[in-house]
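Taking it in order: structure first as structure tokens, then the write-up.
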There are 2 protein chains.
Amino acid sequence: MLTSKTVQQFLDETTSSSPAPGGGSVSALTAALGSALTSMVCRLTIGKKKYAEVQKEMEETLIKSEELRLRCTALIDEDTQAFNDVISAFALPKESEVQKTRRNEAIQGATKTATRVPLKLMRTCSEALESAARAALQGNLNSVSDAGVAALMIQSACEGAFYNVRINLNSIEDKSFSSQTLAQAEEIRKSVAIHARDIISVVESKL
Amino acid sequence: MLTSKTVQQFLDETTSSSPAPGGGSVSALTAALGSALTSMVCRLTIGKKKYAEVQKEMEETLIKSEELRLRCTALIDEDTQAFNDVISAFALPKESEVQKTRRNEAIQGATKTATRVPLKLMRTCSEALESAARAALQGNLNSVSDAGVAALMIQSACEGAFYNVRINLNSIEDKSFSSQTLAQAEEIRKSVAIHARDIISVVESKL
């Protein structure tokens with residue numbers, strides 16, 4: 001598992017000429033880092049007298065952001081696995097007509113999964129941004145820069161995942177799948193960008 | 001060192017109620033991840049016949065992006081160290097007038113360092129974005145989404161570092177230091193945002 005590697009090893013493996021982990025796994029890790037910061041801000045708010053009024057909201061947000069952090073973390077490996085499955089499908093034999101058909105079906109199936117994984121990350125980022133927003137609006141003012149970094153990281157992870165959806169859709173023959181997936185991805189991308197802009201302007205007013 | 005921890009441990013430590021590693025170290029790690037993706041795109045371009053014309057540029061970009069990746073990686077620990085030094089300064093005794101003066105000087109000194117570290121990260125991001133731009137413009141088209149994610153990550157790391165400069169400047173008494181630092185940070189932030197927008201539109205046209 002990529003998350004069992006040290007940070008240095010993860011960076012070294014990203015750098016290597018093997019295409020995985022690539023932009024998809026890096027986006028998932030960045031989203032997990034953003035959610036981890038949201039959790040930190042909640043923890044630095046809970047139990048502080050000055051923030052007694054938002055105690056309950058911060059406790060709920062912490063539970064949610066921890067769940068989201070785990071989901072984003074799982075997607076680090078899922079994305080690399082999906083990519084490796086595409087590579088394995090390309091390596092299938094292609095001598096007979098039957099083999100060619102099977103290989104093509106395997107490639108198409110694996111590539112669909114390789115678009116579903118970043119789409120799932122985009123959805124997770126959309127939820128993670130809600131938690132970051134709460135942390136930015138109600139969390140400890142001393143940590144507002146951390147809540148801001150959380151929002152930035154989650155938004156760029158969502159955008160990075162969008163690029164991965166897009167590039168994989170180029171190889172998909174099922175046009176109905178492509179247009180539906182693209183429409184969903186574009187909708188999430190748009191709403192996340194708008195929401196992130198709002199959170200960031202709140203953060204900047206508090207810095 | 002934070003980079004000797006596993007990715008999972010790094011995430012767990014960020015999540016904890018200890019304020020470090022926080023948004024500053026997360027920004028440095030995100031910038032390092034961006035530079036690692038730039039290097040990967042260079043490696044996936046070098047040696048490919050189709051990209052023979054840009055071989056030399058890609059080799060130069062790889063050397064540069066690897067240097068930048070190391071500099072960003074070093075800043076992960078530097079930022080946490082700078083934050084911990086501020087905390088240590090606050091813990092100094094403050095009973096006598098002499099102690100109060102010394103403590104305040106130590107706090108001011110440590111806080112200045114805690115603004116210099118993210119400012120250094122912003123400068124490094126500005127250089128790292130140049131390398132990501134080359135990878136996006138000239139690199140292997142199959143990896144253009146990775147070059148795009150590199151640019152996204154580097155820009156949000158720069159923005160995250162800017163928040164850290166800003167929040168630390170609030171505690172600085174030396175107004176001349178504050179205004180100079182803020183002016184430098186705002187200039188880098190602006191140029192990085194403009195440059196990132198350009199790169200991203202190139203990436204989108206190629207996706």
Side-chain angles (χ1 to χ4, degrees), chain A residues 1-19 22-24 26-27 29-30 32-37 39-40 43-44 46-47 65-66 69 73 76 142-150 152-153 155-157 159-161 163-164 166-168 170 200 203-204 207, chain B residues 1-19 22-24 26-27 29-30 32-37 39-40 43-44 46-47 65-66 69 73 76 142-150 152-153 155-157 159-161 163-164 166-168 170 200 203-204 207:
Chain A
M1 274 177 66
L2 288 166
T3 46
S4 315
K5 297 189 185 289
T6 67
V7 170
Q8 189 59 57
Q9 285 169 337
F10 187 95
L11 286 164
D12 292 340
E13 289 209 12
T14 303
T15 295
S16 80
S17 62
S18 135
V26 164
S27 297
L29 172 54
T30 306
L33 288 166
S35 287
L37 285 174
S39 299
M40 182 186 92
R43 288 208 165 96
L44 291 168
I46 293 166
S65 70
E66 281 299 271
R69 175 169 77 97
T73 306
I76 301 172
N142 293 333
S143 304
V144 72
S145 59
D146 298 303
V149 176
L152 285 171
M153 296 308 152
Q155 198 228 328
S156 30
E159 199 72 7
Y163 294 171
N164 279 274
R166 276 276 297 275
I167 202 160
N168 285 313
N170 291 340
I200 283 161
V203 168
E204 295 209 3
L207 272 173
Chain B
M1 274 177 66
L2 288 165
T3 47
S4 315
K5 297 188 184 290
T6 68
V7 170
Q8 190 59 58
Q9 286 168 338
F10 188 94
L11 286 164
D12 291 340
E13 289 210 12
T14 303
T15 294
S16 80
S17 62
S18 133
V26 164
S27 298
L29 171 53
T30 306
L33 288 165
S35 287
L37 286 174
S39 298
M40 182 186 91
R43 287 207 165 96
L44 291 168
I46 293 166
S65 70
E66 281 299 270
R69 175 169 76 96
T73 306
I76 302 172
N142 294 333
S143 304
V144 71
S145 59
D146 298 303
V149 176
L152 284 171
M153 295 309 153
Q155 198 227 327
S156 29
E159 199 71 7
Y163 295 172
N164 279 273
R166 277 276 296 275
I167 202 162
N168 285 313
N170 292 339
I200 282 162
V203 169
E204 296 208 4
L207 273 172

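No hydrogens, no waters, no symmetry mates; every other heavy atom, side chains included, goes into these values. Not measured: the values here are computed from a predicted model.
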Next item on the list: With Tyr163(A) as reference, evaluate Val203(B), Val144(B), Asp146(B) under the side-chain contact (heavy atoms from CB on, under 4.5 Å) test and give the passing residue.
Entry: Val203(B)

Item checked: Contact leader toward chain B among Arg166(A), Arg43(A), Glu13(A), where contacts are heavy-atom pairs under 4.5 Å -> Arg43(A)

Item checked: Approximate separation, where rounding is to 0.5 Å, of Phe10(A) CZ and Leu29(A) CG -> 5.0 Å

Notebook entry, point to check: Picking from Asn170(A), Ile167(A), Val26(A), Asn142(A), which has the most non-hydrogen pairs under 4.5 angstrom with chain B?
Noted result: Ile167(A)

Check: Measuring heavy-atom distances to chain B, does Ser4(A) have an atom under 4.5 Å in its side chain, in its backbone, in both, or in neither?
Finding: backbone

Next item on the list: Determine the minimum heavy-atom distance between Leu11(A) and Ala36(B), stating which atoms define it.
Entry: O-CB, 3.8 Å

Checklist line | Minimal non-hydrogen separation, Val149(B) against Gly23(A), with atom names | finding: CG1-O, 3.9 Å

Notebook entry, point to check: What residue, out of Leu44(A), Thr73(A), Leu33(A), has the most heavy-atom pairs lying under 4.5 Å from chain B?
Noted result: Leu33(A)

Check: What residue, out of Ser65(A), Gly148(A), Ala161(A), has the most heavy-atom pairs lying under 4.5 Å from chain B?
Finding: Gly148(A)

Note to self: If we define contacts as heavy-atom pairs under 4.5 Å, which of Gln9(B), Glu159(B), Arg69(B), Gln155(B) has the most with chain A?
What the structure shows: Arg69(B)

Next item on the list: Among Ser39(B), Gly160(B), Ser145(B), single out the residue with the greatest number of heavy-atom pairs under 4.5 Å to chain A.
Entry: Ser145(B)

Margin query: Please classify the contact between Glu204(A) and chain B as side chain, backbone, both or neither, with a heavy-atom cut-off of under 4.5 Å.
Written below: both

Notebook entry, point to check: Between atom CD1 of Ile200(B) and atom OG of Ser156(A), what is the distance when rounded to the nearest 0.5 Å?
Noted result: 9.0 Å

Note to self: Looking at every non-hydrogen atom in both residues, tell me the closest pair between Leu37(A) and Gly22(B) and how far apart they are.
What the structure shows: CD2-C, 3.6 Å

Check: Using non-hydrogen atoms only, which part of Asp12(A) is less than 4.5 Å away from chain B: side chain, backbone, both, or neither?
Finding: both

Margin query: Is there a side-chain contact between Glu66(A) and Ser35(A) in this structure, where contact means two heavy atoms from C-beta onward sitting under 4.5 Å apart?
Written below: no

Check: Heavy-atom distance under 4.5 Å to chain B: side chain of Ser18(A), backbone, both or neither?
Finding: backbone

Item checked: Proximity breakdown for Leu2(A) and chain B, heavy-atom pairs closer than 4.5 Å -> backbone

Margin query: Could you measure the distance from the CG atom of Leu152(A) to the CG atom of Leu152(B)? Nearest 0.5 Å is fine.
Written below: 11.5 Å

Note to self: Given heavy-atom pairs under 4.5 angstrom as the criterion, report whether the side chain, backbone, both or neither of Ser16(A) touches chain B.
What the structure shows: backbone

